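Inspection log for the structure reproduced underneath, given as structure tokens.
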Amino acid sequence: MQIGKARTATTEICIAAADAVEVRGRDLCGDLMGRLSFTAYFYLLLTGREPTEDQRYFLDLLLVAIAEHGMMPTVQAARMTLASDPNALQGALAAGVLGCGPVILGTSELCGALLLKARARVTEGGDADEIVLELAREIREAGGKAPGFGHPVHRPLDPRAERILELADQRGVSGPHVDLARRMREAVAQVWGKQLVLNVSMPIAAVLLDLDFPPAFLKAIPLLARTGGLLAHLAEEQQNPIGFVLAGHAEAAVSYGANNRT
């Protein structure tokens, strides 16, 4: 049974033959291997184009910025999964990746959508400060959280966010989306009545959009970055197992509440 519209199945990413592999129209062995870094190759895979030097530089920068952030719940899930089955490296990695949502890994995708909405309104002739203030009020009145703001650890500043913005300015890539992100910081402070931390997710989205990265990158990059961090934790877990220690602490920290029922 056909589900959805009938269409011809095609792909433009890769084809493999007995003696060659072609990726995005390029010879993997004769051209790409030994010439492209993995970062540049990742960009080529997603877009079909090779990155500019600034695109490659900031893709590297952002991957480094968010690959690792300590013993996060995603890391704990991965390490406990590997402790349960030491041979299931891929399963343990998957367990960690499955937990990489907006609460744990950040809201770059949501930040990007907000910045694109603001940018569209500015392009139509609106005042940038009024637009970001209006958007912040809409989020607040709907009972939502401002994407890209707040952090449980980094206060009063997220050093990663500030470094990204600093380097974007230094390399001359800060454009309209970085400008809107900065204006949004002031708008959110005004609407919420206090200065909220601009976390790493907002600069990630802003810089990528100013460098003409496709919107799909806004979620793909954090996932790729955190996969590297998870693999590091799993390599350590194989040498220094703490998965069951983590599980034991979790059990000890939670009280059983059956006797508290009324």
Side-chain angles (χ1 to χ4, degrees), residues 43 46-47 49 51-63 65-66 101-103 105-152 154-222 225:
Y43 186 94
L46 263 67
T47 68
R49 306 183 303 275
T52 65
E53 178 55 26
D54 279 334
Q55 288 171 330
R56 184 211 58 77
Y57 175 89
F58 278 96
L59 182 51
D60 261 332
L61 169 69
L62 300 180
L63 288 168
I66 55 175
V103 175
L105 192 54
T107 57
S108 294
E109 187 177 32
L110 298 177
C111 291
L114 183 63
L115 291 172
L116 288 171
K117 182 185 292 187
R119 176 63 177 157
R121 294 186 185 182
V122 170
T123 302
E124 292 171 356
D127 177 80
D129 286 326
E130 293 179 1
I131 287 168
V132 295
L133 188 59
E134 178 184 358
L135 288 171
R137 284 175 177 154
E138 289 175 3
I139 295 169
R140 179 71 162 164
E141 290 170 0
K145 296 180 179 180
F149 290 90
H151 200 280
H154 299 305
R155 299 174 185 173
L157 296 173
D158 183 339
R160 303 165 302 170
E162 302 307 316
R163 181 60 172 160
I164 291 168
L165 292 174
E166 177 187 13
L167 289 171
D169 290 343
Q170 286 181 8
R171 292 183 69 95
V173 305
S174 296
H177 297 96
V178 168
D179 177 65
L180 287 167
R182 287 186 160 122
R183 293 175 190 269
M184 186 65 70
R185 187 192 325 232
E186 302 308 316
V188 166
Q190 182 175 334
V191 171
W192 265 258
K194 59 182 178 180
Q195 195 75 44
L196 299 182
V197 177
L198 177 73
N199 66 49
V200 71
S201 296
M202 183 63 80
I204 287 175
V207 169
L208 289 176
L209 291 174
D210 278 341
L211 284 169
D212 296 321
F213 279 75
F217 267 81
L218 301 181
K219 193 166 187 176
I221 288 177

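Since we're looking at a predicted model, the values are computed, not measured. The figures here come from the full heavy-atom set of this structure, side chains too, leaving out hydrogens, waters and symmetry mates.
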Q. Below 4.5 Å, heavy atoms only, C-beta onward: do F149 and L198 meet side chain to side chain?
A. yes
**Q.** Pair Y43, R56: side-chain N/O donor-acceptor within cut-off below 3.5 Å
**A.** no
Q) What is the ring orientation for F217 with F213, classed by angle as parallel under 30°, tilted 30 to 60°, or perpendicular over 60°? A) perpendicular
Q: Examine distances only and state if a side-chain atom of S201 and a backbone atom of G106 form a donor-acceptor pair shorter than 3.5 Å.
A: no
Q) Could you give the distance from OG1 (T52) to CG (D212), rounded to the nearest 0.5 Å? A) 8.5 Å
Q. Is there a donor-acceptor contact under 3.5 Å linking the side chains of N199 and H151?
A. no
Q: Identify, with sequence neighbours excluded, every residue that meets salt bridge (Lys or Arg N to Asp or Glu O under 4.0 Å) alongside R183.
A: D129, D179
Q: Please tell me if the side chains of L157 and V197 come closer than 4.5 Å, counting only heavy atoms from C-beta onward.
A: no
Q) Heavy-atom distance under 4.5 Å between the side chains of Q195 and V188, does that happen here? A) no
Q.
I need the L133 CG to E186 CD distance, nearest 0.5 Å.
A. 11.0 Å
Q. Heavy-atom distance under 4.5 Å between the side chains of S108 and I221, does that happen here?
A. no
Q. Any side-chain heavy atom of P159 within less than 4.5 Å of one from H154?
A. yes
Q. Passes side chain to side chain contact (heavy atoms under 4.5 Å, CB included), D210 versus V173? Steps please.
A. CA-CA 7 Å; D210 278 341; V173 305; 5.8 Å; no
Q. Going by an N to O cut-off under 4.0 Å, is there a salt bridge joining R185 and E162?
A. yes
Q | Over all atoms of both residues, closest heavy-atom pair of L165 and S174 | A | O-OG, 4.4 Å
(Q) If I compare all heavy atoms of V122 with all of A128, which pair ends up nearest, and what's the gap? (A) CG2-CA, 3.9 Å
(Q) Could you check whether R121 pairs with E138 (Lys NZ or Arg NE/NH1/NH2 to Asp/Glu carboxylate O, under 4.0 Å)? (A) yes
Q.
Taking the side chain as everything from C-beta on, heavy atoms only, tell me whether L167 gets closer than 4.5 Å to F58.
A. yes
Q) Taking 4.0 angstrom as the limit, do E134 and R137 come out as a salt bridge? A) no
Q | Min side-chain heavy-atom separation I139-L114 under 4.5 Å | A | yes
(Q) For the backbone of P102 and the side chain of T107, can you confirm whether one donor and one acceptor N or O come within less than 3.5 Å of each other? (A) no
Q) How long is the span from the CG atom in L135 to the CG atom in L115, to the nearest 0.5 Å? A) 9.5 Å
Q | Spatial distance of atom CG (L110) from atom CE (M202) [nearest 0.5 Å] | A | 9.5 Å
Q. Looking at side-chain heavy atoms only, is the closest gap between P214 and T47 below 4.5 Å?
A. yes
Q | Partner of V207 by side-chain contact (heavy atoms from CB on, under 4.5 Å), out of L59, D54, I164 | A | I164
Q: Could you tell me the separation between the CZ atom of R171 and the CD atom of E166, rounded to the nearest 0.5 Å?
A: 13.0 Å
Q. How far does CG of L218 sit from CG of L209, to the nearest 0.5 angstrom?
A. 5.0 Å
Q. What residues, two or more places apart in sequence or in another chain, satisfy side chain to side chain contact (heavy atoms under 4.5 Å, CB included) together with P215?
A. none
